[in-house]
Amino acid sequence: PPPPPPPPPATYTNTESSAASDVYKRQTPLPTHGTTAMTAKRIDGKAKAEQLAETITEQTAALLAEHGIKPGLAVVIIGEDPASQVYVRNKKRRAEACGFHSVQHSLPEDIAQDQVLALIDELNEDDAIHGILVQLPLPGHLDEETITQSISPGKDVDGFHYINIGKLSAGHTADAFIPCTPAGCILMLEDELGSDFSGLNAVVIGRSNIVGKPMGALLLQRNATVTMTHSRTRDLPGVVRNADILVAAVGQPNLVRKDWIKPGAVIIDVGMNRIEKEIDGEIKTKLTGDVDYDGAAEVAGAITPVPGGVGPMTITMLMFNTLRSARLSAGLEG
Ligand code: GUN
């Protein structure tokens, strides 16, 4: 039998919102399925990331001029994983473009854990360094938990230290570092929906420590009704059909189909899947998200593309966290 039709769209009445435009958005029913397909707004993460990077660059120059402090970012990469090499190169480039002091430590695949911990100790003590990032995944002989937890919480610009996870979980975000990917996703969602998600159903697919779990905490902090889903969830399409906000972070190419999408939903696609595709008779690798973009865009209200959505925002949020760390070290607001 065909699947049941999606439930009728809700009408939101937001009594607590401060911004007039926000109230307007919530009182407007979500668009319905018509006979003609609607086309979702394409959320341009690249353009937003560039705008934000401009502000970071200006504030970096001001921090140097007024307080003599240059934000310093240290990136540690262990081994030769090609994807990690690309990410780290991009992080270094972006840090330099923002006017940061940027250092990279490239360590051999077979380095001993003690040597990694010794380097992190050194960076923890170095006043010129405000942010430390150890690129994951690590080679198998290294213990990810010991290494991530050895970074000083005040320099943990990845937001992986238990102190930062705990602060986020408790809603004490004033001096916490929020993991970069969910932090970027929230900014894009706020652009579409305002800063209060009261009355909205948010569904997160994936429960990783890097994306899914902190994403859930950030959505909850903004008053969304949050459902966390994962590989053991029963009837995932049925759960997703309730989502006014959908964040997909599972690493399964095109998992989320058009008929899972609630009309008018805002979709953030965190997937970064490399798939092989025949283009002009040649097999090439193509970057694809967790959502079938073309299908979903016929139903959703707004959606991030892959590439050009979440990825560029993630790198910029690392710069944001590093500048914030430098400002906090000077006793300024983050
Ligand atoms: N590998 C993939 N994503 C990340 C991230 O956000 N931080 C670090 N350190 N490594 C990663």
Side-chain angles (χ1 to χ4, degrees), residues 45 49 72-95 100 102-107 109 111 113 116-117 119-120 123-124 129-140 142-153 155-165 168 176-188 204 206-218 247-252 268-274 287 289-290 304 306-307 309-322 324-325:
L73 175 65
V75 176
V76 179
I77 178 162
I78 306 170
E80 304 294 329
D81 178 60
S84 291
Q85 298 284 342
V86 174
Y87 294 145
V88 165
R89 196 179 323 135
N90 289 338
K91 286 170 185 174
K92 186 159 197 300
R93 260 190 216 147
R94 183 56 92 174
F100 290 6
S102 167
V103 292
Q104 182 177 331
H105 293 271
S106 301
L107 306 180
E109 180 90 23
I111 189 143
Q113 176 147 313
V116 179
L117 295 175
L119 172 62
I120 292 171
L123 296 168
N124 280 340
I129 298 297
H130 303 95
I132 304 169
L133 178 146
V134 178
Q135 185 67 28
L136 304 178
L138 297 173
L142 297 174
D143 183 47
E144 184 178 304
E145 184 180 26
T146 306
I147 289 176
T148 53
Q149 300 310 308
S150 73
I151 296 171
S152 162
K155 296 190 178 187
D156 169 37
V157 284
D158 254 332
F160 294 167
H161 196 284
Y162 295 151
I163 293 272
N164 287 313
I165 296 173
L168 170 59
F177 290 110
I178 311 296
C180 302
T181 301
C185 294
I186 272 291
L187 289 189
M188 290 190 283
V204 179
R207 54 173 154 176
S208 71
N209 290 330
I210 298 187
V211 186
K213 285 182 200 162
M215 193 71 229
L218 290 167
V247 179
V250 267
Q252 286 191 40
I268 305 290
D269 189 351
V270 184
M272 291 259 261
N273 310 295
R274 286 191 187 279
L287 202 58
D290 291 344
T304 59
V306 179
V310 173
M313 280 299 288
T314 295
I315 295 195
T316 302
M317 294 316 290
L318 176 65
M319 306 308 140
F320 178 92
N321 280 351
T322 306
R324 189 150 178 262
S325 177

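In listed order, ligands and their atoms are each counted from 1.
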With a 4.5 Å limit on heavy-atom distance, are the side chains of L73 and M319 in contact?
->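 Of all side-chain heavy-atom pairs linking M319 with L73, at least one is under 4.5 Å.
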So do M215 and I268 actually touch side chain to side chain, heavy atoms under 4.5 Å?
->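 They are not in side-chain contact.
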Inter-residue atom distance F100.CZ - K91.NZ, 0.5 Å rounding =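 Spacing of CZ (F100) from NZ (K91) equals 13.5 Å.
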Output the distance between atom OH (Y87) and atom CD1 (I77), rounded to the nearest 0.5 Å.
->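 Here the rounded value is 11.5 Å.
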Donor-acceptor contact below 3.5 Å, side chain N321 vs main chain D158 |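 Side chain of N321 to backbone of D158: no pair is present.
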What does the N/O contact table under 3.5 Å look like for ligand 1?
| residue | atom | partner | partner atom | Å |
| --- | --- | --- | --- | --- |
| ligand 1 | 1 (N) | Q135 | NE2 | 3.2 |
| ligand 1 | 1 (N) | L136 | O | 2.9 |
| ligand 1 | 7 (N) | D158 | OD1 | 3.0 |
| ligand 1 | 7 (N) | D158 | OD2 | 3.3 |
| ligand 1 | 9 (N) | V134 | O | 2.8 |
| ligand 1 | 9 (N) | D158 | OD2 | 2.6 |
| ligand 1 | 10 (N) | L136 | N | 3.0 |

Who passes side chain to side chain donor-acceptor pair (under 3.5 Å) against R94, sequence neighbours left out?
->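 R94 satisfies side chain to side chain donor-acceptor pair (under 3.5 Å) with no other residue.
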